[in-house]
J.: 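One structure follows; several queries about it will come next.
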Amino acid sequence: MPELPEVETVCRTIAPHVIGRRVLAVTVRERRLRKPISADFASRLTGRTIHAVARRAKYVLLDVGDGLRWAVHLGMSGRFCVGDPPPDLPHVHVLVELDGGVRLYFRDPRRFGLMLLSESEADLGELGVEPLGEDFSAELLWSLSRRHRRVSVKTLLMDGRLIVGVGNIYANEALHHAGIRPGRRCAKLTRADTVRLADAVRFVLERAIASRGSSLLDYRDADGNAGEFQRMLHVYERDGAACRTCATPIRRQVIGGRGTFYCPRCQR
DNA sequence: ACATATTCCTGGGGGC
DNA sequence: TGCCCCCAGGAATATG
């Protein structure tokens, strides 16, 4: 499940293969992603040069000039890979050939991903603050928590209209690091909580990027390599296992329809 | 206006 | 072994 650290890792691994390269051919095999790939996607992308690769929220953004960005969202099962897919590999929806013999392919069994050409950020939906950017702070969390007093703090962290890139894995991990129970209502957060939580979100995301992401199920970077952060998880998918801090069994609960994991002793 | 439920999709796991 | 059922998940949309 690609979240911010995984998408950042895909951007970093794909960039050296594609920057400065021209798109020679685009093949769309399956348009039906979460939103259909537009009919003119291939013709608009072909012939353009990739100038830069960046991440915004959970999107990989390839700058193809004239203010146009090739935007790729991996959904939950998407992979954006360098090279040729094995001949019979199913669910390969888009193939791209660049000059210099570089090939890319997009594979997404569950088709929750997106592929589009974006002229402005508005095309990407309503995107909140980057948690590793300058606008993210304890003050921001405090003001969000005052504006959304009734929702749980975990739901707040995972609302991409407010804060981007934090999905289920890293919301659970950050709350454990901050010692805050996921189901706590935002109204009950103190300023001190928001200071610890802002630090925890940044800390967990930075550590995960340093480990090249978490490989649960089938996440891989653009070169096909797995991440390592799953070995450092403290709570996610560890229900029943001993808390790494205090050995109390980790509990599981459903919040906002998502599996939620916490230590009942470390997190209040 | 705000909060929660539903929807999309498929691989994989559990139960029998 | 095989089949059925159900679940996971991001984000848009629908419903309360």
J.: Using atom types as modelled and distance alone, determine if a side-chain donor or acceptor of A/E3 lies under 3.5 Å from a backbone N or O of A/I169.
T.: yes
J.: Whole Å only: how far is the CG atom of A/L33 from the C1' atom of B/dT7?
T.: 16 Å
J.: Is it the case that the side chain of A/D66 and the backbone of A/L68 share a donor-acceptor pair, with hydrogens and angles ignored and the cut-off at 3.5 Å?
T.: no
J.: Could you check whether any side-chain N or O of A/R268 sits under 3.5 Å from a backbone N or O of A/R181, counting only pairs where one atom can act as donor and the other as acceptor?
T.: no
J.: How are the rings of A/H177 and A/F203 set relative to one another: parallel (under 30°), tilted (30 to 60°) or perpendicular (over 60°)?
T.: parallel
J.: Summarise how protein sits on nucleotides 9-16 of chain C as a single string, 5' to 3': B when a protein heavy atom is under 4.0 Å from the base, S for sugar-phosphate-only contact, - for no contact.
T.: BBBS----
J.: Polar pairs (N or O, both sides) under 3.5 Å between protein and nucleotides 1-3 of chain B?
T.:
| unit_1 | atom_1 | unit_2 | atom_2 | d |
| --- | --- | --- | --- | --- |
| B/dA3 | OP2 | A/H148 | ND1 | 3.4 |

J.: State whether A/E130 and A/R56 are salt-bridged, where the test is any N-O pair (Lys NZ or Arg NE/NH1/NH2 against Asp/Glu carboxylate O) under 4.0 Å.
T.: yes
J.: Taking the side chain from A/D135 and the backbone from A/V129, do they hold a donor-acceptor pair closer than 3.5 Å?
T.: no
J.: Taking only the side-chain nitrogens and oxygens of A/H91, find out if one of them lies under 4.0 Å from OP1 or OP2 of B/dG11.
T.: yes
J.: Return yes if a side-chain donor-acceptor contact under 3.5 Å exists between A/D40 and A/S43, otherwise no.
T.: no
J.: May I ask you to decide if A/R44's main-chain N or O and A/R48's side chain share a donor-acceptor pair within less than 3.5 Å?
T.: yes
J.: Keeping A/Q253 on the side-chain end and A/F261 on the backbone end, is there a donor-acceptor pair under 3.5 Å?
T.: no
J.: I need the CG-P distance between A/L89 and B/dG11, as an integer number of Å.
T.: 11 Å
J.: Just wondering, do A/E206 and A/L132 contact through their side chains at under 4.5 Å, heavy atoms?
T.: yes
J.: Between the two ends of the helix from B/dC2-C/dG16 to B/dC16-C/dG2, what is the bend in degrees, rounded to 10 degrees, where each end axis spans five pairs?
T.: 60°
